[in-house]
Amino acid sequence: MSNEPLIKVENLKKYYTVNKGIKDIFSKEKTYVKAIDDISFVINKGEILGLAGESGSGKTTTGEILVRLQDTTEGEITFDGHDFMTKSKEEEKRFRKEVQMIFQDPYETLNPRFTILETIAEPLKIHGMKDKDKIYDRVIEVLEIAELKPAEQYVFRYPHELSGGQRQRVAIARGIVMDPKFLVADEPVSMLDVSIRADILNLLKRLRNEMGLTMLYVSHDLSTIKYLCDRIAIMYLGKIVEIGDANEVIDHPQHPYTKVLLSAVPVANPDHKRERIEIDDEVPDQINLPEGCRFSPRCPFVTEACKKCDHTLVERRDKQWSACIYSDEELILKPSTNQ
Amino acid sequence: MNLLEVRNLDIDYVTQEGTLKAISDVSFDLKQGESIGLVGESGCGKTTLAKSIMRLLPKNGVISKGEMLFKGEDIVKKSKEEVRKLRLKEIAMISQSAMNALNPVYTVGDQLIEGIRAHSNATKEEAAKRAEEVFKIIGLEAKRLKSYPHQMSGGMKQRAIIAMALTLNPSLIIADEPTTALDVVVQDKILNQIIEIQKQINSSMVFITHDISVVSEICETIIVMYGGKIMEKANTKVFFKAPYHPYSLGLQNAFPSIKEIGEELISIPGSPPNLMKEQNGCRFQERCPFRTELCQKELPELKEVGEEHLIACHYPEKVNEFREDAKKRETWEGVRNRLIEESVGEA
């Protein structure tokens with residue numbers, strides 16, 4: 001792993017306009033859902049960054065922007081030294097080759113009328129490979145990397161003949177067939193059974209170790225993030241609230257939201273007594289965001305000063321940044337919120 | 001006393017391609033006040049089992065053998081009308097997706113009141129009062145009774161479903177993945193509430209999930225199912241310290257934990273058996289690293305290996321050896337290689 005950034009995101013914003021009724025259509029004042037509101041981070045070469053948060057935190061949107069499935073509202077993204085948003089056709093084609101995505105639901109990402117060979121060969125053909133034998137060889141090669149062995153037995157099958165785990169492997173094989181530099185995986189194991197989840201996680205780990213693939217792993221499951229990722233970024237209502245080394249963040253969370261999130265993860269050990277931090281479980285309205293810190297209405301440590309918080313990330317521990325205005329030692333639990 | 005006794009239950013699904021044996025020869029007891037966690041992969045029969053207790057199987061689902069004694073009476077033999085009377089009042093279900101369980105064109109309150117009145121003699125006012133009470137218990141404001149489902153968040157809707165299940169203090173609650181679609185903070189809170197209420201009204205619970213860590217936190221007993229059969233039944237504490245069945249050992253390896261560092265996850269190679277086909281021997285033998293010829297021929301019976309600890313394996317005495325070997329990657333790699341060889345052989 002080098003410390004050279006492959007992707008650099010600066011002040012990224014993504015706002016969606018909302019029309020609530022006929023009045024809004026004619027009014028000049030627009031209301032927005034701020035799905036991503038001014039976030040910055042880097043992903044180094046050969047690194048797996050985990051992106052965690054509740055539904056509506058903006059984690060999936062971030063992933064989709066990084067493969068250009070969505071446009072940005074504002075902000076700069078550099079990919080491998082190039083400006084990410086250049087629109088020339090050639091650049092675009094090169095970019096599509098180097099960045100790939102794996103989706104959550106392996107039952108819906110594969111075309112049911114394509115054989116596995118056709119599915120994986122399609123990107124090769126689009127990018128100009130014509131020789132049929134070469135295409136076939138390459139497909140076999142990636143199927144084997146994705147551990148679908150013996151690969152010859154899978155190439156002429158259709159998706160409905162495969163199990164969920166096998167389909168996800170096909171999706172991964174298709175993702176790596178162009179030898180990409182960067183892969184976005186959005187909840188790639190949440191639809192799979194526990195007994196095969198580990199296989200897919202180990203495969204992604206291997207791709208990083210052996211091919212040096214850089215990855216953004218989007219998930220709400222902190223245990224799989226801890227297993228797979230080097231670093232982790234926690235998002236809350238469009239903001240990054242904490243970012244740092246995955247093990248460090250999970251063992252020594254600095255931001256109150258990270259603490260709450262971690263205290264809610266069930267542990268498979270009946271002797272383990274979890275210390276729960278209880279909070280109101282309703283997420284605030286995404287249109288009328290609270291003043292100051294977005295987590296403050298639910299935060300068990302909240303004070304008056306939180307109204308002035310602007311989510312600036314502060315390095316609280318070695319290479320671990322938190323957007324809370326307080327350090328860990330300064331956080332005092334409000335007695336009324338925790339029962 | 002046992003609230004529910006399931007005896008030698010067989011459930012088939014009749015399809016155009018043939019009969020699928022979803023549940024075969026399943027027996028277990030559920031004590032008053034006990035909560036059982038039912039875990040297993042998709043297709044192992046856990047939801048089918050739960051639905052059959054409510055007699056809510058789809059039209060092609062048939063209970064072909066066995067009995068289910070609820071408070072001493074066989075649910076299987078009951079008429080439609082008798083079963084309808086049991087539902088909600090005696091046995092209530094918390095279903096998986098709240099979004100589909102609520103009727104979008106009625107307010108949540110109306111749906112609750114309808115349920116209460118259909119299963120008791122309550123007047124409209126009494127029912128409304130009861131609805132308010134249960135909403136309070138589950139942490140929803142009374143004014144939410146006037147909301148339509150689309151005006152509520154996922155967590156609120158799931159709470160409303162739970163409130164509905166609890167209105168008549170049922171003696172048995174069946175919860176089918178009640179928190180799967182929810183965020184972890186909400187999930188944690190709702191699970192806690194379910195358990196608290198279950199203890200308060202001293203009802204029994206069957207809790208279905210694929211997440212064994214949830215079972216470890218909330219259930220006293222765990223049942224591990226595979227291919228339509230029970231593989232292991234044990235006290236949760238005992239199970240998580242010392243599981244017996246090779247499948248349980250495999251599951252333990254496959255589960256990432258937030259507390260441990262550096263442990264390597266190992267999955268169980270292969271996929272569950274096709275229950276449309278005739279099954280020979282142990283259901284798990286195809287993916288089991290310790291199988292012998294006996295396993296391929298003969299179905300192991302559920303045997304007691306400790307106090308209220310049952311397993312379906314021919315080799316309970318080899319458990320220490322199995323536990324050691326199951327921790328090693330090579331053990332399971334062996335299964336993978338064998339499966340690949342077999343598939344080459346077939347082709």
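Everything numeric in this text was worked out from a predicted model, so none of it was measured. So you know, we letter chains A, B, ... as the sequences are listed, proteins then strands, and number each from 1.
Your options are I200(A), V265(A), L262(A), I225(A), and the one with the most heavy-atom pairs under 4.5 Å with chain B is V265(A). Ranked by heavy-atom pairs under 4.5 Å with chain A, the first of S267(B), P272(B), G139(B), G270(B) is S267(B). Counting heavy-atom pairs under 4.5 Å between each of G40(B), S271(B), S42(B) and chain A puts S42(B) at the top. When the candidates N192(B), L251(B), L339(B) are compared by the number of heavy-atom contacts under 4.5 Å with chain A, N192(B) comes out ahead.
Contact detail for R287(B) and S195(A): the closest heavy-atom pair is NH2-OG, 3.3 Å. For the residue pair I279(A) and K189(B), the shortest heavy atom distance occurs at O-NZ, 2.7 Å. What you find for A198(A) and I266(B) is that their closest heavy atoms are CB-C, 4.0 Å. For the residue pair R298(A) and V185(B), the shortest heavy atom distance occurs at NH2-CG1, 4.1 Å. Of all non-hydrogen atoms in D188(B) and R274(A), the two that sit nearest each other are OD1-NH2, 3.0 Å. Looking at every heavy atom in both residues, S257(B) comes nearest to S223(A) through C-CB, 4.2 Å.
Looking at L192(A), there are no atoms closer than 4.5 Å to chain B (heavy atoms on both sides), in backbone or side chain. Neither the backbone nor the side chain of Q252(B) has a heavy atom closer than 4.5 Å to any heavy atom of chain A. With a 4.5 angstrom heavy-atom cutoff, N253(B) does not touch chain A via any of its atoms. Of the two parts of D221(A), neither the backbone nor the side chain holds a non-hydrogen atom closer than 4.5 Å to a non-hydrogen atom of chain B. Interface residue N269(A): only backbone heavy atoms are found under 4.5 Å from chain B. Interface remark: L201(A) contributes side-chain atoms only to the contact with chain B (heavy atom separation under 4.5 Å). Looking at K237(B), the atoms closer than 4.5 Å to chain A (heavy atoms on both sides) sit in the backbone and in the side chain alike. With a threshold of 4.5 angstrom between heavy atoms, S190(A) does not approach chain B through any atom at all. Proximity to chain B (any heavy atom under 4.5 Å) is shown, for L261(A), by both the backbone and the side chain.
Residues of residues 211-219 of chain B that come closer than 4.5 Å to chain A, counting heavy atoms only, are D211(B), S213(B), V214(B), S216(B), E217(B), ordered by residue number.
Within the model, atoms CG of D199(A) and CH2 of W332(B) stand 11.5 Å from one another, a figure rounded to the nearest 0.5 Å. Interatomic distance, CD1 of I196(A) versus CD1 of I268(B), reported as 10.0 Å (0.5 Å rounding).
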Please determine whether side chain to side chain contact (heavy atoms under 4.5 Å, CB included) holds for the pair R329(B) and N202(A), giving the CA-CA distance in whole Å, both sets of side-chain angles, and the decisive distance to 0.1 Å. CA-CA 12 Å; R329(B) 167 163 289 277; N202(A) 287 337; 3.3 Å; yes

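Side chain of Q153(A) to main chain of S343(B): a donor-acceptor pair is present (N/O by atom type, distance under 3.5 Å, no hydrogens or angles). Looking only at distances, a side-chain donor or acceptor of D183(B) sits under 3.5 Å from a matching main-chain atom of S55(A).
Remark: E286(B) CD is loosely packed, at most 12 non-hydrogen atoms of other residues, nucleotides or ligands lying under 6.0 Å away.
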